Engineer: 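Can you read through this structure? Questions will come right after.
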Amino acid sequence: MKRTLLTGVLLAVAGALAVYVGAWLNLGLRSSIYGAALGAVLGLVANHSVLGRLAAFLGGVVIAWIGYAVRAQFLPDSTSGQIIAVVVVVVFITGMTMLSFGRLPMWAGLLGAAALIGAYEELYSAAPYNFLSESVVAISGLLVAVGFGFLVGVLSSSLWGDEEDFDSSTTVIPAASPGLAIMNQQGESAS
């Protein structure tokens, strides 16, 4: 529980700093908790290397940005245009993951694409012709907040390790395995 509390406090501070830095740099940061929370998830989920997760996330942001560029320039602002853009973005993120032989996790690439879409879709829908100026501002603000959250997530994972919310001296066997007993840490049957 200490890790959760410390991570939450640090994430709140990171969100506040993201708002402050975004305002100071005039980045038009619309929702700092959105970006900081996504960055924290990217930092906390430790199933790939830190650089791999970060590179995949940034790759997803770039691929989604290219999707918006293609949509703004070549596709109609309609359901069919959105469908084509979605397919292209997902195919390219899948390709990025495959070409890296899994070193760039697909989930992080999809998280990056979702981050940009969440931060920019409303602005794009209101004025697709302002793509170049508004998308750069949206990406800049998003990356500031994600950066703060990512730092918190990585530091939390590095400094405090994994936290378990249950007694780790007991291993519970899933109910799908009938006949197996609950075993304690020494391997003795507890039933």
Side-chain angles (χ1 to χ4, degrees), residues 14-15 17-154:
L17 283 173
V19 170
Y20 180 76
V21 171
W24 183 61
L25 296 174
N26 198 23
L27 296 177
L29 187 61
R30 296 167 49 105
S31 176
S32 66
I33 188 60
Y34 174 72
L38 290 172
V41 168
L42 187 64
L44 286 169
V45 177
N47 69 344
H48 283 78
S49 73
V50 171
L51 289 178
R53 288 178 279 157
L54 185 58
F57 180 88
L58 293 174
V61 169
V62 169
I63 290 169
W65 185 79
I66 291 169
Y68 274 115
V70 168
R71 193 171 147 196
Q73 186 66 34
F74 302 110
L75 300 175
D77 193 23
S78 65
T79 303
S80 62
Q82 288 179 345
I83 290 170
I84 292 168
V86 166
V87 169
V88 167
V89 167
V90 171
V91 165
F92 275 88
I93 290 172
T94 303
M96 173 185 71
T97 301
M98 291 177 66
L99 288 173
S100 74
F101 298 101
R103 287 188 291 279
L104 301 179
M106 186 174 186
W107 68 265
L110 292 171
L111 188 68
L116 179 59
I117 292 164
Y120 179 60
E121 179 64 30
E122 186 180 332
L123 291 171
Y124 177 83
S125 295
Y129 47 85
N130 288 337
F131 163 73
L132 281 178
S133 61
E134 289 184 350
S135 67
V136 171
V137 170
I139 289 172
S140 300
L142 174 70
L143 292 181
V144 165
V146 167
F148 280 109
F150 182 69
L151 183 61
V152 167
V154 169

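Small disclaimer: the values here were computed from a predicted structure and weren't measured.
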Engineer: What's the shortest heavy-atom distance between A138 and A119, and which atoms?
Structural biologist: CB-O, 4.3 Å
Engineer: How long is the gap from CD1 on I93 to CG on L110, to the nearest 0.5 Å?
Structural biologist: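 Here the rounded value is 5.0 Å.
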Engineer: Taking the side chain as C-beta and beyond, is there a heavy-atom pair between I139 and L116 under 4.5 Å?
Structural biologist: yes
Engineer: Test L38 against L42 for side chain to side chain contact (heavy atoms under 4.5 Å, CB included), laying out the working first.
Structural biologist: CA-CA 6 Å; L38 290 172; L42 187 64; over 6 Å; no
Engineer: Show your reasoning for whether side chain to side chain contact (heavy atoms under 4.5 Å, CB included) applies to W107 and H48.
Structural biologist: CA-CA 11 Å; W107 68 265; H48 283 78; 4.1 Å; yes
Engineer: What orientation do Y124 and Y68 show, parallel under 30°, tilted 30 to 60°, or perpendicular over 60°?
Structural biologist: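 Tilted: the ring planes of Y124 and Y68 meet at 30° to 60°.
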Engineer: Nearest 0.5 angstrom please: L58 CG to L143 CG, how far?
Structural biologist: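 Rounded to the nearest 0.5 Å, the CG-CG separation comes to 6.5 Å.
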Engineer: Can you name the closest pair of heavy atoms from G118 and Y34 and give their distance?
Structural biologist: CA-OH, 3.2 Å
Engineer: Atom OH in Y120, atom CG in L142: separation rounded to 0.5 Å?
Structural biologist: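 Y120 OH to L142 CG: 13.0 Å, rounded to 0.5 Å.
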Engineer: Please report the closest heavy-atom contact between V61 and G112, naming both atoms and the distance.
Structural biologist: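 Nearest pair, atom of V61 first, then G112: CG2-O, 3.3 Å.
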Engineer: Name the one of T94, V87, V88 that satisfies side chain to side chain contact (heavy atoms under 4.5 Å, CB included) with V90?
Structural biologist: T94
Engineer: Quick check: closest heavy atoms across S135 and W65, and the distance to 0.1 Å?
Structural biologist: OG-NE1, 2.9 Å
Engineer: Please report the shortest heavy-atom distance between M96 and L104, naming the atom on each side.
Structural biologist: CG-CD1, 3.8 Å
Engineer: For G43, does its backbone N or O pair with a side-chain atom of R53 as donor and acceptor, under 3.5 Å?
Structural biologist: yes
Engineer: Determine whether a donor-acceptor pair (N or O, by modelled atom type, separation under 3.5 Å) exists between the side chain of S100 and the backbone of T97.
Structural biologist: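 A pair under 3.5 Å: yes.
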Engineer: Can you give me the closest heavy-atom contact between G52 and P105, atom names plus distance?
Structural biologist: O-CD, 3.6 Å
